[in-house]
Amino acid sequence: MREAADIHAVDEETVTNAREQAAAADRVVVKAGTNSLTDDESRLDRTKIDKLVTDIMDLRADGTEVLLVSSGAIGAGKGRLERSVEETVEETQALSTLGQSHLMRHYTQSFDRYDQKIAQLLLTEDDLSTPERFTNLHNTIETLLDWGVVPVINENDAVATEEVRIGDNDMLSASVAMGVDVDLLVTLTDVGGVYTANPKDDPAAERVEAVGANYDAVQGLVDDTAAETFGGIRTKVERARAVSEHGIPAIIAGSTEPNVLDRIASGDAVGTIFVPVNGEDNE
Ligand code: GLU
């Protein structure tokens, strides 16, 4: 039996410091998953998109630079095609192109409400692992941020074969966060953080406030409760930990929480924060 104390074991001062560090971030990667952008029929949900964009603009209003890593291309493609497909590799890749342009049209319209310009970057593993490509990517992102543009990043699913696939935007967002030196990674999900059980079917599930010295206990908990082997909460936790080991705080929080990014920027106890490992007291 895992003791509750192990799971909630990060001391208060460490948590406060990490929350303050997150609140002071000048450059943030925000990752939004397909469920946070589409409805039950896999159609892009403009209310959800508008909420995300408004949350991002709360950060922009304080002068914070934001990079958005957005999924939803394949999902939106399914909703847009309006006929059932088997979802072979070819079909999934084609769906991504159908959905990606649709997704960007909605983002453009939504950000236009604030006169905020956005740009699209579609990446594969090669772009992250080949030094010359990565340098170009880094320079492009720096230039866009300098111009006050919000880069919207996704995997280039149309060309990403099994060998060069990143495969999961939790990996992509973490790589971008570590690669372009951001101050905070926020992963928005429809769950709202790391919980002691699945909050969707266990009302007694408690939110884990912080992950640091208790990482092994939290990882064990996630291994016990999460069914999926790829994607889902396990990858989110592993990647958030990798980012925090890089000295960058990472927060997993609920996409439907009111003013979620504004509250993070105020240092509120939203979601689960992964404390930067160099910020802990020899633990
Ligand atoms: N790149 C995929 C898409 O846009 C999403 C991958 C993921 O959900 O992590 O549909």
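Here the structure is a predicted model, which is why all the values come from computation and not from measurement. Order of appearance sets the numbers: ligands from 1, and atoms from 1 within every ligand.
Distance alone, capped at 3.5 Å, is enough to place a donor-acceptor pair between the Arg207 side chain and the Gly271 backbone. Side-chain atoms of Arg263 never come within 3.5 Å of backbone atoms of Glu257 as a donor-acceptor pair (strictly under, hydrogens ignored). Panel note: side chain Gln116, backbone Gly148; a donor-acceptor pair is recorded below 3.5 Å.
Lys51 is linked by a side-chain contact (heavy atoms from CB on, under 4.5 Å) to Asp55, Val260, counting only residues two or more places apart in sequence or in another chain.
Looking at Gln219 and Arg241, their side chains never bring a donor and an acceptor atom within 3.5 Å of each other.
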Between ligand 1 and the protein, give all atom pairs where both partners are nitrogen or oxygen and the distance is under 3.5 Å, as lines of names plus distance to 0.1 Å.
from     : atom 1 : to     : atom 2 : distance (Å)
ligand 1 : 1 (N)  : Asn154 : OD1    : 2.9
ligand 1 : 1 (N)  : Asp157 : OD1    : 3.4
ligand 1 : 1 (N)  : Asp157 : OD2    : 2.8
ligand 1 : 4 (O)  : Gly72  : N      : 3.3
ligand 1 : 4 (O)  : Ala73  : N      : 3.0
ligand 1 : 4 (O)  : Asn154 : OD1    : 3.4
ligand 1 : 4 (O)  : Asn154 : ND2    : 2.8
ligand 1 : 8 (O)  : Ser71  : OG     : 3.4
ligand 1 : 9 (O)  : Asn169 : N      : 2.7
ligand 1 : 10 (O) : Ala73  : N      : 3.3
ligand 1 : 10 (O) : Ile74  : N      : 2.9

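The only option from Thr187, Thr235, Asn154 that meets the side-chain hydrogen bond (donor to acceptor under 3.5 Å, both in side chains) definition with Asn169 turns out to be Asn154.
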